[in-house]
Every structure is written in structure tokens, then in C-alpha cells.
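Here's the structure we're looking at; comments come further down.
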Amino acid sequence: MAKKVRVRFAPSPTGGLHLGGVRTVLYNYLFARRNGGDFVLRIEDTDQTRFVPGAEEYIINCLKWCGLEPDEGPHVGGDYGPYRQSERKSLYRQYADRLVKSGHAYYAFDRPEELETMRERFKTPENPTPQYDRNVRLEMRNSCSLTLEETETLLEDGVPYVIRIRMPENETVTFTDMIRGEVSFNTGLVDDKVLLKADGMPTYHLAVVVDDYLMKITHAFRGEEWLPSAPVHVLLWKYLGWESEMPQWAHLPLILKPDGNGKLSKRDGDRLGFPVFAMNWTDPKTNDLTTGFRELGFLPEAFVNLLAMLGWNDGTPQELFTLTELTEKFSMDRVHKGGAKFDFEKAKWFNHEWIKKLPVEHYRPMVSAFLEAKGIAVGDEAYLDKVMTLVKDRCTLLTDFYEQSKFLFETPAQLDLDAVKPKWNADKKDFFEAAANEIQEATSWKAIDLETSFKALAAAKNIKPGEVLLPLRIMLVGGKFGPGVFDIAELIGKAETVKRINNALQQL
RNA sequence: GCCGCGUUCGUCUAAGGGUUAGGACACCACCCUUUCACGGUGGUGAUACGGGUUCGAAUCCCGUACGCGGUACCA
């Protein structure tokens, strides 16, 4: 019987959740759902110096907003907890010790300054960044270069130390990546990574292996930036004697900045004017606010959809997918190898499509909140739904509903009279006065009937409908935009329509 | 520098030896619309380069270039 699929998303809580991070979550989630497996959230907070309060809660909220909720995690529990590495601290040491005993790791007593000296000493034009590896290992202060007695003395004296992996001289580590196929590294070219830090915390390299093992992770998906350290992890699985349980790896392509090259960063978002975080993030230290997709007016359905398509497709021309469809169709072997540049225009297109596609009730609360934040008295839901239905085709972001529907809630404060004045004359004034009266007496309040009688009146007054339609629009809307004028009149009602016409007449 | 991973229209991508290299975003034009959008139709536009293998290469192999990632007691 095949093992139950278990995957994890393992962020470090150092700030806002980035686009690439959410996509990693998505692919994990989809893979788990597709294969009837579990999706675990594990917080990798082993670097105490980079801990940011609130970041974990923020990440959990992002996942909730996206609808990508984990089956296990610090907030929901599970059989493999704790799910914060800081709370698992005591677990890791025994494995580091085991590696020392078996000779695959060693104690290193070098202080930061000594490491710096080493890097300076071995630095050459051909080797600008010397590594702590087999070439310098014996030149440093560690249990490889020291005698057993010296090492023991240092340990007994409480001299701070780290535990480093001893990378083999010249072996080839090969593993199969689900996206890239077979990948090989020569161990002689990889450095002796620190596994256990002086403060007793594991580094990522030890923690990821130990926790993936303990949590019975079967498939490990992460960003491509981890590929170079994969051989260290593969070796640790082997040295710890867990080789047969090593997860299958998949290193996801990076999401790149739209202009130039390189990984998409928060700074690029600021610079290019689009968000890179899922939701608003306020840095607790600086109080800097970084805008998120949610607050900008993105629908979670669209956000998830667009992220899914950044590096994956199902082989058909279909681009619009619900989360459910994605879970049915997702497969890791259709994930791309190459990175994808993020295109905000396309992102907005996805959102526009979702606004048109979803029933308005579905996102009414969000639109309602945006409108209220702008001071609009939204009124009852039935009316809001009619408004949204009328204008949604012209909204790309949920925040666009404000500009597109403001005049359906309030009398426009400013009228674009310049669009009317040049062709304004006594005949038109006369026409609109008559129109106001006729509208006042109207028995039907349907857009189609209004249009018919309005045009009939124009004909009776010998005026082309085209000459009074724009003025009417300006009177009701305030500007040259918006849905059909008679649809607008129908929505705002008879009294308001007459009021706006008379109001405009006074200004002309 | 070294190691690794990549490379199809401006962007996201399809095509897993045989297609006029297809679609989407963006852009342009036209149509629809007595507003602005939506929508519809059409258009511009790509296999990085050089060698192989093959009857035949975007596709397989090698090299080159370019890009990205890594090279921390950060993840």
C-alpha cells in the first residue's frame, strides 16, 4: 500500500507573504488535494534574530483568505506537532550528535571573526568567496583538526561551537527532481554547512530534514533557490539512515520581476506600482505599510487562479480555473522549469474575468466594505446587487466599484458641464423642463419605457435624441461614463432623476 | 570565480521528430454602442547562436552566449 501523501509549506515568519510564497502554498495544496493527502503548515523560526512579531498570524490569515487552509499547523494542531521549529528545539540536537558520532559531522569552534579571517586569507580573484569546505577544514579550529583531547577540553570548558556536516571529498550526489529530472552535484564543491548553531538551534538544513522525516512528509516542494543546497539535504537523509523515506523533491521555478531580471521583491512592487504581498503588511518595526492584493481589490479566486497559471497549465487553452478545477487537474509534471516574469496587466485581466464570472452576492460583502470605507451609504443588499450587476463589466478591481457606481448612491457633487455648455441652447432647456415634468408623471419606471417616452418627447420637440442623451447623462452621472442612462434612471428612481435634472438645469 | 538550473511573440504559454509554430495578456485597426466600458472581428509579433543526429529538429546530443539561483552560525 502506498504511503499517504503529506506535503508541507514551511515559511519563516520574517514578514509579508510574497507572491512566490503563495504559489508554493498553492502547488503544495493542490498536490495534496489531488492525491488525497495532508497539507501541513510548519513555521521555520529557527533564526531568532529575524523573528518578526505578527508574521505567523499574518501568514495564516493569507492562507485563509486564499482558501488554502492547512490540515495541520500551529493554529489547528495535528498529530505531528509542535509545528513551530522554535518549539521543537530540543529535538534536533540528538540528530546532530548522531551525525558527529558516525563521523558525518564535526564540532567547529571558530568564532565569527575567525571565519572572516579565513575568507580574507583564502580569497583570490578565482575564488572570491572561499567556503568552509574540505580545503580549509584542517586549517580551522574544529574536531577534525584538533586532537580528541583538545576537542573534549574545549567542550568541557563551554567554548561555543557549531556542528558542521563533513561533505565527502569527491562523490556525486544524484536525485530526481519531479520537475527537473535527474540533478547531480559533486560533493567536493559544496561547503560544510552548519547544522546546529551555537545557540543550539538547528539551521534550516538540519531542521528541514529532521522535521520532514518526523512529520512523514512524502513530497517536498520549495523554491528553486533551494536547489544548490539539496545535495546537503539528500546526504543528511542518507546519513541519518532514513534514505528509504526521503521525500520526492520538486524545486519550483522562481517568479521574476517584470522588467529586467531577477527575483521579484517587495521593492519591485513599490517601484513598479503593484503589490507583491497577498494582503497588506505593516512592518512592526518601521510601521511601513506594504499594500496587498486583497486591499487593492483582488478577488481570492482571481489571485489563486493567476498564481496557478504562473508556471503551470493543463495543456489546453483554458485559463480560468476554480480552485476545485485546479485540484482536479493539477500535476507536478506540467510545472515549468523556467522562471516566469510577473505581469500585473495579466493579473488584472484575471481579476476582471472573475468579477464578471462570479455571482455578485459572492463578493458583495467585499464591495460593500470598499464603498463604505469611501463614505458611501450602501443601503440594502438588493439595491447593491442591482448596482453591482449593472456596473461589474467595467470594474477590473473591486475598488473600481466606487468610481463606477458612486452616482447610483449619491447625487453627483460635480457635473461636467463643459461637456454640455457649448451646445446648450433655449430649445434644449425647454426640452429638459418638459422632460422633467413628463418623467414626474411617468406611470412605468422601466428603463425601456423611459427611453421610449424620452425619445418620443425629443421627436415631438424636433430634437435629435443624440443631442439630449449626453446632457441627460451628465445630469444623472456627472460625467461621460457609466452604463446606459435609462438603466441608471431606473435604479436611482423617479424622484432622484427629476431632482438631478432640475438641479442641473439651474446650473446651466 | 566556482557550482547548479534555465532559454518559443514585449509578457504568460501550447506544440514531447512531420502544424502556414496555436492560444491568452498588452498593443493597433475595424464593428457594436447617440457616453465609457463589455463584447465581436482582424492585425503586428517568437523557437538565443553554432554545430551535429535524422528523410525530417522548437522538440534529441554537444558547444557557445545570455539570464537566474547559490556560494552565511538567513531561510
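Proteins get letters first, then strands, A, B, ... in listed order; numbering begins at 1 in each.
Residues from residues 108-117 of chain A with heavy atoms under 4.0 angstrom of RNA chain B, sorted by number: A/Asp110, A/Leu115.
Using a 4.0 Å cut-off, no side-chain N or O of A/Asn313 falls inside it from OP1 or OP2 of B/rC12. Within the 4.0 Å cut-off from OP1 or OP2 of B/rA75, at least one side-chain nitrogen or oxygen of A/Thr46 is found. Look at A/Lys263 and you won't find any side-chain N or O under 4.0 angstrom from OP1 or OP2 of B/rC5. Taking only side-chain nitrogens and oxygens, A/Arg334 comes nearer than 4.0 Å to OP1 or OP2 of B/rA15. Within the 4.0 Å cut-off from OP1 or OP2 of B/rC73, not a single side-chain nitrogen or oxygen of A/Lys193 is found. The phosphate of B/rA75 (OP1 or OP2) has no side-chain N or O of A/Arg50 nearer than 4.0 angstrom. Within the 4.0 Å cut-off from OP1 or OP2 of B/rC68, not a single side-chain nitrogen or oxygen of A/Lys337 is found.
In the interface, the side chain of A/Lys346 is not paired with the base of B/rA26 through any donor and acceptor atom under 3.5 Å apart.
A/Glu171 places no side-chain N or O within donor-acceptor distance of the main-chain N or O of A/Pro168, the cut-off being under 3.5 Å. Between the side chain of A/Asp45 and the backbone N or O of A/Ser12 there is no donor-acceptor pair closer than 3.5 Å.
The aromatic rings of A/His251 and A/Trp249 lie parallel to each other, with less than 30° between the two planes, well short of the 60° mark. Note on ring orientation: taking the six-membered ring where Trp is involved, the planes of A/Phe303 and A/Phe298 are perpendicular (angle over 60°, cut-offs 30° and 60°). Taking the six-membered ring for Trp and thresholds of 30 and 60 degrees, A/Phe454 and A/Phe431 have ring planes more than 60 degrees apart, a perpendicular arrangement. Between A/Phe344 and A/Phe293, the angle of the ring planes goes over 60°, which puts this pair in the perpendicular group of the 30/60° scheme.
Base orientation at B/rC38 is syn, since its O4'-C1' glycosidic dihedral falls within 90° of 0.
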